[in-house]
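Remarks on the structure that follows.
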Amino acid sequence: MSSAPGPSLSQRAVSARAAPYLDELNPAQRAAVEALDGPVLMLAGAGTGKTKALTTRIAHLLNTGRARPNEILAVTFTNKAAREMKARIGRLLGEAVEGMPWLGTFHAICVKLLRRHAELAGLKSNFTILDTDDQIRLMKQLIQAENIDEKRWPARQLAGIIDHWKNRAWTPDKVPAAEAGAFNNRGTELYALYQARLKELNAVDFGDLLLHMVTIFQTHDDVLEQYRRWFRYILVDEYQDTNVAQYLWLRLLAGGHHNICCVGDDDQSIYGWRGAEVGNILRFEKDFPGAQVIRLEQNYRSTPHILAAASGVISANRDRLGKTLWTEADEGEKVRLIGHWDGEEEARWIGEEIESMQRGTRGMRPFSLDEIAILVRASHQMRAFEDRFLTIGLPYRVIGGPRFYERMEIRDAMAYFRLAVSPADDLAFERVVNTPKRGLGDKAQQKIQVAARAAGVSLVEGAKRLLADRGLSGKGAAELAKLLDGIDRWGRMAGEPEISHVELAEIILDESGYTAMWQNDKSPEAPGRLENLKELVKALEEFENLTGFLEHVSLIMDNEAEGEGEKVSVMTLHAAKGLEFPAVFLPGWEDGLFPSQRAMDESGLKGLEEERRLAYVGITRAGELATISFAGNRRVYGQWQSQLPSRFIDELPEEHVEVLTPPGLYGGGYGAAAPRGIEVAASRADVYNSPGWKRMQARAGERPVSQPRESRHSVIDLEAVAAYAVGERVFHQKFGYGAVTAIEGDKLEVEFEKAGSKKVVARFVTAADDIPF
DNA sequence: GGGCACGCGCGTATT
DNA sequence: GCGCGTGCCC
């Protein structure tokens with residue numbers, strides 16, 4: 001396989017330097033690192049040191065002189081993963097190696113490649129990358145232009161369909177006939193129109209980055225050949241998450257030497273719904289004959305009980321490559337299982353449990369809040385926890401949520417920057433032409449569109465002509481003239497070296513009236529948005545100019561900045577993949593919620609198996625303590641529903657599970673915990689009839705566990721309380737502005753302007769005048 | 001053109 | 001139960 005040596009092999013030292021890093025590896029990891037040539041599948045179970053093996057392998061490739069840093073293609077899915085890998089390789093080799101230019105996400109690498117070969121895709125090399133928002137706006141226009149009823153056939157849906165096709169590497173002419181019925185039989189046609197429009201705009205969407213490169217490789221042997229030679233070794237992280245387009249791209253590039261090492265875990269494939277094909281990893285040995293399959297099975301994260309519980313659940317899946325995780329760790333605590341009356345009770349119990357864990361209970365060590373995570377199936381489950389934690393003053397952070405660069409105010413501001421840099425950016429112009437309100441509504445905007453189209457020019461240019469022809473009047477005309485004037489001026493300023501781009505950004509936000517818009521906004525979000533704009537300007541400082549910044553942002557959507565202080569993490573199971581916490585709570589294990597009814601309805605057994613892998617991911621995040629819970633009743637879209645324990649609970653091996661006495665059902669009695677307006681008897685009967693519940697009761701009988709009910713909040717933060725007086729105006733991160741109506745211990749009762757009356761812990765609010773705007 | 005009221009739909013999420 | 005989007009009215 002490693003036939004043709006590169007030109008500089010002699011210099012690259014056949015005699016490898018000492019490789020002390022190899023001694024740090026276990027036998028399987030070492031095998032995966034040393035099997036440098038030919039196809040390798042590294043099946044790395046949860047917590048088995050996958051990143052360590054992967055980065056050491058790269059270090060070894062460099063150290064043995066097999067490849068220079070720029071001859072290694074290493075692909076990840078997220079920027080975070082790419083960053084981590086870079087940092088670890090740097091540490092391994094002691095900064096001796098300059099950055100690896102081809103270590104990055106699929107998308108980042110494809111952008112680089114596509115800029116070099118843009119003309120082969122009918123683009124100019126300075127093409128712009130549209131995000132989801134731009135994409136949908138473009139499709140909306142197409143749908144309108146085609147006189148399609150937007151209500152019955154929303155742009156979102158079309159975007160989803162086209163995205164799905166692109167994930168499968170289908171260009172409009174390759175969409176199979178079986179899919180022709182999509183979008184009222186017009187899917188393929190609209191797809192072709194959309195692609196044509198993108199070309200006109202010299203733009204691509206995320207899916208195109210892969211799709212264009214696959215097409216180029218398939219149709220230009222010389223280009224493909226060049227990169228096959230160049231990328232001597234290929235490494236792929238999270239291979240189970242690859243979609244068809246990514247798979248084809250990899251197979252094309254690895255087609256010559258087959259030096260491809262894919263790392264992944266079929267049991268952690270949880271992105272089928274967005275195009276990932278578990279089949280890619282299951283088929284690896286067929287795709288790459290002679291592949292070595294190396295299993296990383298020694299787990300360094302979790303106790304045997306946790307591993308056994310996870311493995312019990314996942315063993316119910318059929319299509320698996322199969323792994324058996326083992327550990328040298330002490331037995332530890334069993335996975336704990338507890339049922340609650342309803343979702344609020346579940347949140348209350350977890351809140352109290354966390355507080356006692358901080359102090360250390362039941363013979364366990366004390367946990368710091370940073371060591372605790374709550375992993376939910378769906379983000380709406382987070383609300384119960386947020387509400388509860390705010391009430392008891394338990395610090396928490398929500399991971400995920402809208403990313404910084406996806407926030408409205410950031411996208412607006414960036415649209416202004418884009419216009420300054422390239423006034424022909426029609427999508428940017430559309431976004432901000434009437435933000436802030438300039439009296440340029442649909443009608444005025446239509447006139448601009450018509451004028452631009454008639455002259456075959458950009459919207460900015462069209463707007464100028466429209467004004468020159470007196471096609472607009474009144475306030476709108478004056479405001480538009482001001483905006484156009486501004487765009488011209490900012491563009492000129494961008495070219496002046498004496499004005500820094502940071503200053504320019506401030507000037508743009510100021511002169512456009514955008515900052516003022518939020519300053520005059522009385523809603524509770526406004527201060528936060530202004531804060532975000534400040535952060536945006538600060539982020540600019542790290543770049544040479546606006547153009548460089550915009551390019552960076554189009555590919556990177558990071559959400560790093562996190563407040564100081566110990567906090568419980570709350571996130572979805574999906575967001576938790578790749579993370580680990582000593583203690584993990586897994587609430588909401590109820591059939592229909594988890595496994596999700598929708599997943600099962602839409603994808604049947606396949607869907608259920610993916611949900612089960614999600615359960616596996618959840619349990620294996622825990623190092624020392626995993627607590628699974630479910631509620632008998634839950635409010636779903638405002639309606640109370642009785643819930644059955646998840647079928648996954650029945651799959652937990654009994655000997656590794658400890659059933660805790662459910663306080664709401666054993667100690668407190670039903671009546672006390674029953675929410676108003678539901679049929680207590682009916683829901684109780686349902687819960688009682690489920691196998692999971694019966695077994696739980698049986699086990700609880702064997703080994704009753706008493707719940708220590710300790711009083712909480714013994715320490716009152718008097719200083720925080722003393723800072724407020726009744727009637728005072730305060731600001732709360734979640735609830736916005738309000739006035740203090742009562743003070744009680746360390747809590748304040750506040751009548752919020754939007755959120756109504758709430759009891760909140762004093763240190764969670766600030767005096768309203770302290771807000772920086 | 002902006003503000004309000006009504007109706008619908010509601011998952012997980014990266015680039 | 002809530003938020004978003006549309007449509008109607010001023």
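Residue numbers start from 1 in every chain, and the chains themselves are labelled A, B, ... in the order their sequence lines are given, proteins ahead of strands.
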A/Ile270/A/Val617 under side-chain contact (heavy atoms from CB on, under 4.5 Å): CA gap, chis, key distance, verdict: CA-CA 9 Å; A/Ile270 55 173; A/Val617 167; 4.2 Å; yes

Per atom distances to the A/Tyr637 side chain, the nearest of B/dG11, B/dT12, C/dC2 is B/dG11

Examine A/Arg115 relative to A/Phe127 and say whether NZ or CZ is less than 6.0 Å from the centre of the six-membered ring and inside a 45° cone about the ring axis. yes

Side-chain N or O of A/Asn79 versus OP1/OP2 of B/dT14: is the shortest distance under 4.0 Å? no

Using purine N1 to pyrimidine N3 plus N6-O4 or O6-N4 for Watson-Crick, or N1-O2 and O6-N3 for G-U wobble, both under 3.5 Å, which nucleotide pairs with C/dG3? B/dC8

Between atom CD1 in A/Ile399 and atom C1' in B/dT14, what is the gap in whole Å? 16 Å

Could you tell me whether A/Tyr396 and A/Phe385 have their ring centroids closer than 6.0 angstrom? no

Give a yes/no verdict on a cation-pi contact between A/Arg168 and A/Trp165, requiring under 6.0 Å between NZ or CZ and the six-membered ring centre and an angle within 45° of the axis. no

Quick one: label A/Gln445 by what it contacts on the DNA or RNA (base, sugar-phosphate, nothing), any heavy atom closer than 4.0 Å. nothing

Can you tell me how far P of B/dT15 sits from NZ of A/Lys112, to the nearest Å? 17 Å

How is A/Ser596 classified with respect to the nucleic acid when contacts are heavy atoms under 4.0 Å: base, sugar-phosphate, or nothing? base

Here the distance between atom P of B/dT12 and atom CD1 of A/Ile270, to the nearest Å, is 13 Å

Are any of A/Thr572's side-chain N or O atoms less than 4.0 Å away from OP1 or OP2 of B/dA13? yes

Evaluate the criterion side-chain contact (heavy atoms from CB on, under 4.5 Å) for residue pair A/Tyr194 and A/Asp205; output intermediate values, then yes/no. CA-CA 11 Å; A/Tyr194 171 68; A/Asp205 61 25; 2.8 Å; yes

Roughly, in whole Å, what's the span from CD in A/Glu610 to C1' in B/dG11? 11 Å

Could you check how far OH of A/Tyr239 sits from P of B/dT14, rounded to whole Å? 22 Å

Length of the CZ-P vector between A/Arg634 and B/dC10, whole Å: 20 Å

Can you confirm if the aromatic rings of A/His574 and A/Trp273 lie within a centre distance of less than 6.0 Å? yes

Given B/dA13, B/dT14, B/dG11, which nucleotide is nearest the side-chain atoms of A/Ala599? B/dG11

Using the aromatic ring of A/Trp273 (for Trp, its six-membered ring), decide whether it stacks on the base of B/dT12 within the limits of 5.5 Å and 30°. yes

From B/dG11, B/dA13, B/dG2, nucleotide with atom closest to A/Ala378 side chain: B/dG11

Compare the minimum distances between each of B/dA13, B/dT15, B/dG11 and the side chain of A/His380, then state the nucleotide with the smallest one. B/dG11

Out of B/dG11, C/dG1, C/dT6, minimum distance to the side chain of A/Arg635 belongs to C/dG1

Which nucleotide sits closest to the side chain of A/Arg598: B/dT12, B/dT15, B/dC10? B/dC10

note: A/Leu593, atom CG; B/dC10, atom P; distance rounded to Å ~ 16 Å

Please pick, from B/dG1, B/dT14, B/dT12, the nucleotide with the shortest atom-to-atom distance to any side-chain atom of A/Ala444. B/dG1

Rounded to whole Å, how long is the line connecting atom CG of A/Asp237 with atom C1' of B/dT15? 15 Å

Indicate, with a heavy-atom threshold strictly under 4.0 Å, whether A/Ser379 touches base, sugar-phosphate, or nothing. sugar-phosphate

Give one of base, sugar-phosphate or nothing for A/Gln381, where a contact means two heavy atoms less than 4.0 Å apart. nothing

What nucleotide, of B/dC10, B/dT15, B/dG1, holds the atom closest to the side chain of A/Lys443? B/dG1

Using heavy atoms to find the nearest nucleotide of DNA chain B for A/Arg438 and A/Leu614 separately, return the residue whose nucleotide is more 5′. A/Arg438

What's the closest nucleotide to the A/Ala575 side chain, out of B/dG1, B/dA13, B/dT12? B/dA13

